[in-house]
Amino acid sequence: ATIPMLTIDGPSGSGKGTISLHVARELGWRLLDSGVLYRAVGWVVNQEGIDPADHAAVTACAQRTRIEFVAADDGSEVRVLVNDEDLGSQLRTEVAGKYASAIAAIPGVREALLQLQLSLRQAPGLVADGRDMGTVVFPDAPFKVFLTASVAERAARRYKQLREKGVEVKLEALQQDLEARDARDTSRAVAPLKPAEGAVVVDTTGLSIDKVVAKVLAVVRG
Ligand code: C5P
């Protein structure tokens with residue numbers, strides 16, 4: 001029997017991470033934050049001084065990078081080990097996101113990360129968030145959501161998150177970065193960001209987390 005799952009795709013700052021976490025907890029399902037995989041490879045590429053434009057070198061790097069998810073006993077937090085190293089919040093930085101987006105356009109990188117993603121579909125179910133979860137990686141998922149929000153709202157959310165962490169950023173620069181990343185993610189030849197066929201589009205602009213979680217849960221529970 002196929003294992004039930006929900007895909008949540010959408011642009012940067014649409015709230016995928018937060019919503020996926022809440023929905024997975026509510027359903028008691030596992031969680032795959034696929035962006036972490038691209039961030040991990042981007043991080044290693046940067047660390048090893050590999051030229052992101054050298055597709056063969058970046059692909060080889062993706063193939064040899066070991067990424068492991070270690071779940072806490074209560075299932076609340078998942079630590080990510082990259083070549084046995086816990087990078088903590090380093091993977092969450094804007095720089096890591098930029099690198100991720102650059103190397104994610106390379107077909108060999110996406111192929112190298114495919115098997116790991118497929119292997120995480122385990123009972124009792126999986127919530128997978130990213131850009132191509134419903135379109136490429138899990139096209140047969142029974143439940144699919146596409147989260148969006150206005151670019152102004154997405155930039156404002158990121159801004160708030162970063163300021164709370166004590167990171168100094170300019171809202172305008174942040175919005176420009178978001179737009180550049182969206183443009184790259186939407187226009188790339190492989191696995192471009194777009195709603196999967198049959199996906200329920202949820203615009204989160206002006207909605208509270210609780211409201212969005214309820215809408216997404218309704219997709220699964222009917
Ligand atoms: O979602 P997150 O911001 O962590 O993703 C970082 C980058 O990784 C995205 O900008 C995107 O280019 C890439 N990505 C992807 N496919 C996914 C998840 C993330 O290409 N499924």
Side-chain angles (χ1 to χ4, degrees), residues 5-21 23-24 31-46 52-53 55 58-59 61-62 65 67 69 78 80 82 87-121 126-139 141 144-149 151 154-155 157-159 161-162 165 167 169 174-196 199 204:
M5 73 171 293
L6 163 70
T7 60
I8 302 185
D9 290 305
S12 316
S14 58
K16 293 188 311 286
T18 306
I19 302 304
S20 301
L21 189 65
V23 169
L31 178 63
L32 163 61
D33 168 8
S34 61
V36 155
L37 306 176
Y38 295 92
R39 287 169 180 270
V41 172
W43 192 87
V44 177
V45 163
N46 183 26
H55 289 197
V58 177
T59 297
C61 176
T65 299
I67 305 169
F69 294 96
V78 174
V80 187
V82 182
L87 298 176
S89 56
Q90 287 181 87
L91 288 181
R92 287 276 127 233
T93 61
E94 295 301 298
V95 177
K98 244 187 247 182
Y99 259 90
S101 165
I103 59 98
I106 303 171
V109 169
R110 308 198 70 86
E111 228 173 272
L113 297 175
L114 187 61
Q115 210 45 50
L116 173 59
Q117 297 178 74
L118 294 175
S119 74
L120 295 169
R121 186 171 185 178
L126 178 70
V127 176
D129 89 68
R131 303 293 186 292
D132 64 339
M133 297 296 94
T135 51
V136 175
V137 180
F138 303 106
K144 298 180 183 183
V145 165
F146 191 84
L147 283 191
T148 61
V151 67
R154 293 188 287 116
R157 285 179 190 160
R158 256 306 144 83
Y159 182 73
Q161 267 178 4
L162 291 171
K165 281 194 238 160
V167 183
V169 279
L174 207 62
Q175 180 157 337
Q176 278 169 12
D177 276 0
L178 266 188
E179 282 170 340
R181 187 124 75 91
D182 288 351
R184 203 156 49 211
D185 290 345
T186 333
S187 66
R188 69 185 175 208
V190 285
L193 172 67
K194 62 171 182 206
T204 72

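Atoms within each ligand, like the ligands themselves, are counted from 1 in listed order. Residue numbers run from 1 in the order of the sequence given.
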Go through the steps to decide whether Arg157 and Thr204 satisfy the test side-chain hydrogen bond (donor to acceptor under 3.5 Å, both in side chains), and finish with yes or no.
CA-CA 12 Å; Arg157 285 179 190 160; Thr204 72; 2.9 Å; yes
Straight-line distance of Phe138 CZ to Thr7 OG1, nearest 0.5 Å
9.0 Å
SB check Asp132 Arg110 (cutoff 4.0 Å)
yes
Per-atom contacts, ligand 1 versus Gly130 - under 4.0 Å to a heavy atom:
18 (C), 21 (N)
Can you list the atoms of ligand 1 that are under 4.0 Å from a heavy atom of Asp185?
9 (C), 10 (O), 11 (C), 12 (O)
Taking Thr93 for the side chain and Ala96 for the main chain, is one N or O donor matched with an acceptor at less than 3.5 Å?
yes
Which residue and heavy atom of the protein sit nearest atom 8 (O) of ligand 1, plus the separation
Tyr38 CB, 3.5 Å
Could you check whether any heavy atom of Arg188 sits closer than 4.0 Å to an atom of ligand 1, since that is the contact criterion I want to use?
yes
Tell me, which protein residue and heavy-atom name are nearest atom 6 (C) of ligand 1, and how many Å apart are they?
Arg181 NH1, 3.6 Å
Among all the protein's non-hydrogen atoms, which is closest to atom 3 (O) of ligand 1, and how far away is it?
Arg39 NH2, 2.8 Å
Option from Arg158, Arg131, Arg154 for which side chain to side chain donor-acceptor pair (under 3.5 Å) with Ser12 holds
Arg131
Closest approach of any protein heavy atom to atom 16 (N) of ligand 1, naming residue and atom
Arg110 NH2, 3.0 Å
Can you list the ligand 1 atoms lying under 4.0 Å from a non-hydrogen atom of Gly35?
4 (O), 5 (O), 18 (C), 19 (C)
Strictly distance-based, threshold 3.5 Å: is any side-chain N or O of Lys144 a donor or acceptor partner for the main-chain N or O of Gly134?
yes
Give a yes or no on whether the backbone of Lys98 and the side-chain of Ser101 come within a donor-acceptor separation of less than 3.5 Å.
no
Suppose we measure from atom 18 (C) of ligand 1 to each protein heavy atom; which comes out shortest, and what is that distance?
Ser34 OG, 3.4 Å
Salt bridge check: are Arg39 and Asp33 linked by an N-O gap of less than 4.0 Å?
no
Students should be able to answer this: which protein heavy-atom is nearest to atom 13 (C) of ligand 1, and at what distance?
Ala104 CB, 3.7 Å
Among all protein non-hydrogen atoms, which one is nearest to atom 1 (O) of ligand 1, and what is the separation to 0.1 Å?
Arg131 NH1, 2.9 Å
Ligand-side contact atoms (ligand 1) for residue partner Met133, heavy atom cut-off under 4.0 Å:
21 (N)
Which heavy atom of the protein is the closest neighbour of atom 7 (C) of ligand 1, given with residue, atom name and distance?
Ala100 CB, 3.7 Å
Measuring from Leu32:CG to Arg121:CZ, what's the distance to the nearest 0.5 Å?
12.0 Å
Close-contact set for ligand 1 against Asp132 heavy atoms, below 4.0 Å:
16 (N), 17 (C), 21 (N)
